[in-house]
Amino acid sequence: LQLQNDILDNYFDAYPDLAGIDTSNIPDSQTEINSFNPVTKILMNRVQANSRAGRIVPQIIVLMMYYCIYALSLDIFAGDRERGFLTKLIMTPVSKKTIIWGKLITIGVMSLASTVIIFLMMFLASWLNFSNDALSLIPFGMLYLPGQLIKIFIVALSSGILMISICVWIIFELRKPEDITINLQIPLVTILVELFAFMLRIDKTIFIEYLLPIHNTMTSIQTIMLSSDKTIYLVLTVITNTLYTSLILNDVLKKEDYK
């Protein structure tokens, strides 16, 4: 009501003069807010759309990012070792750590680029979902501010590096291709279970969730999308993922035998 009295009434009076439109013959019933200001429709849908998207989009981001890392790690590390190409690389004058870091960075850049593309596709799908059916996984009108996108990127980056570390550690701990594949699929199944759990949960996040690697990423991205995030929890998420990454990578780089 305050918005109607303070802003909209004056807006209705000023717009026809500004646009040069004669509204003397137009009934009041034909004057609608959306006819003059389409931004209103976007903002009205944004809150509801972001709330619904927060139940599914974070899990899809993490799921697709891990799947990309999983596939790349199998080929770049396990595949090269199986083909004997990794042994040939290690025999070159380049240090082992340099070779490993080069492969890690390659996986990181490719998986991160794929994740950004997937997010953009979901954003596009949201704005093409004109029917906005209640059963739609991605609702119409999903819209995030630049600050939110930067936070999502930072949190996803910390989680992506951790996922790469886990995949590489599993590959070098095991020898048989079938054992490697099965163990790499365990996090994938876990993320799938969490996807459905997040869709059904009705309670709020608790502190301990930000200390659980990968899970904290989904939790943090969800709070960002709901505009209920707290900086301290986002920092805790990044620190937790970085700490686990350091421990795992340190163990991987200490290995003497990558063959």
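The structure displayed is predicted, hence computed values, not measured ones.
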Quiz item: Short question: side chain of S73, backbone of Y70 - any donor-acceptor pair under 3.5 Å?
Solution: no
Practice problem: For the pair N216 (side chain) and I214 (backbone), establish whether a donor and an acceptor sit closer than 3.5 Å, ignoring hydrogens and angles. | Solution: yes
Quiz item: Between V116 and F119, does a side chain to side chain contact (heavy atoms under 4.5 Å, CB included) hold up when you go through it step by step?
Solution: CA-CA 5 Å; V116 171; F119 183 82; 5.8 Å; no
Hydrophobic cluster membership, [X] vs [Y], 4.5 Å side-chain cutoff:
{"X": "V238", "Y": "I150", "answer": "yes"}
{"X": "V252", "Y": "L174", "answer": "yes"}
{"X": "L162", "Y": "L236", "answer": "no"}
{"X": "L112", "Y": "Y66", "answer": "no"}
{"X": "M218", "Y": "L149", "answer": "yes"}

Less than 4.5 Å apart, any side-chain heavy atom of [X] and any of [Y]?
{"X": "E209", "Y": "I206", "result": "yes"}
{"X": "L234", "Y": "I224", "result": "yes"}
{"X": "L157", "Y": "I154", "result": "no"}
{"X": "I152", "Y": "M225", "result": "yes"}
{"X": "F123", "Y": "I138", "result": "no"}
{"X": "L89", "Y": "K103", "result": "yes"}
{"X": "V62", "Y": "E194", "result": "no"}
{"X": "I56", "Y": "L195", "result": "yes"}

Quiz item: Are T205 and T219 linked by a side-chain donor-acceptor pair shorter than 3.5 Å?
Solution: no
Of all the heavy-atom pairs spanning [X] and [Y], show the shortest one and how long it is.
{"X": "A156", "Y": "M65", "result": "O-CE, 3.5 Å"}
{"X": "V155", "Y": "S220", "result": "CG1-CB, 4.0 Å"}
{"X": "I180", "Y": "A78", "result": "CD1-CB, 4.5 Å"}
{"X": "S159", "Y": "T217", "result": "CB-OG1, 3.0 Å"}
{"X": "A53", "Y": "P58", "result": "O-CD, 3.6 Å"}
{"X": "M142", "Y": "Y144", "result": "CG-CE1, 3.2 Å"}

Supply the atom-to-atom distance [X] [atom1] to [Y] [atom2], rounded to the nearest 0.5 angstrom.
{"X": "T237", "Y": "D229", "atom1": "OG1", "atom2": "CG", "value": "10.0 Å"}
{"X": "M121", "Y": "L128", "atom1": "CE", "atom2": "CG", "value": "9.0 Å"}
{"X": "L192", "Y": "Q185", "atom1": "CG", "atom2": "CD", "value": "10.5 Å"}
{"X": "M64", "Y": "I191", "atom1": "CE", "atom2": "CD1", "value": "11.0 Å"}
{"X": "I60", "Y": "T115", "atom1": "CD1", "atom2": "OG1", "value": "12.5 Å"}
{"X": "I76", "Y": "T106", "atom1": "CD1", "atom2": "OG1", "value": "6.0 Å"}

Quiz item: Within a reach of under 6.0 Å around CE of M110, are more than 12 heavy atoms found that belong to other residues, nucleotides or ligands?
Solution: no
Exercise. Applying side chain to side chain contact (heavy atoms under 4.5 Å, CB included), run through V189 and I186 and close with a yes or a no.
Key: CA-CA 5 Å; V189 174; I186 293 175; 6.0 Å; no
Quiz item: With the threshold set at 4.0 Å, does a side-chain nitrogen-carboxylate oxygen contact exist between R83 and D75?
Solution: yes
Quiz item: Taking only residues at least two apart or on different chains, which pairs with a member in residues 210-249 satisfy ring-ring contact (aromatic ring centres under 6.0 Å, His included)?
Solution: F198-H215, Y210-Y233
Side-chain donor-acceptor pairs under 3.5 Å in residues 163-173, sequence neighbours left out?
unit_1, atom_1, unit_2, atom_2, d
S165, OG, I161, O, 2.9
W169, NE1, D251, OD2, 2.8
E173, OE2, K255, NZ, 2.6

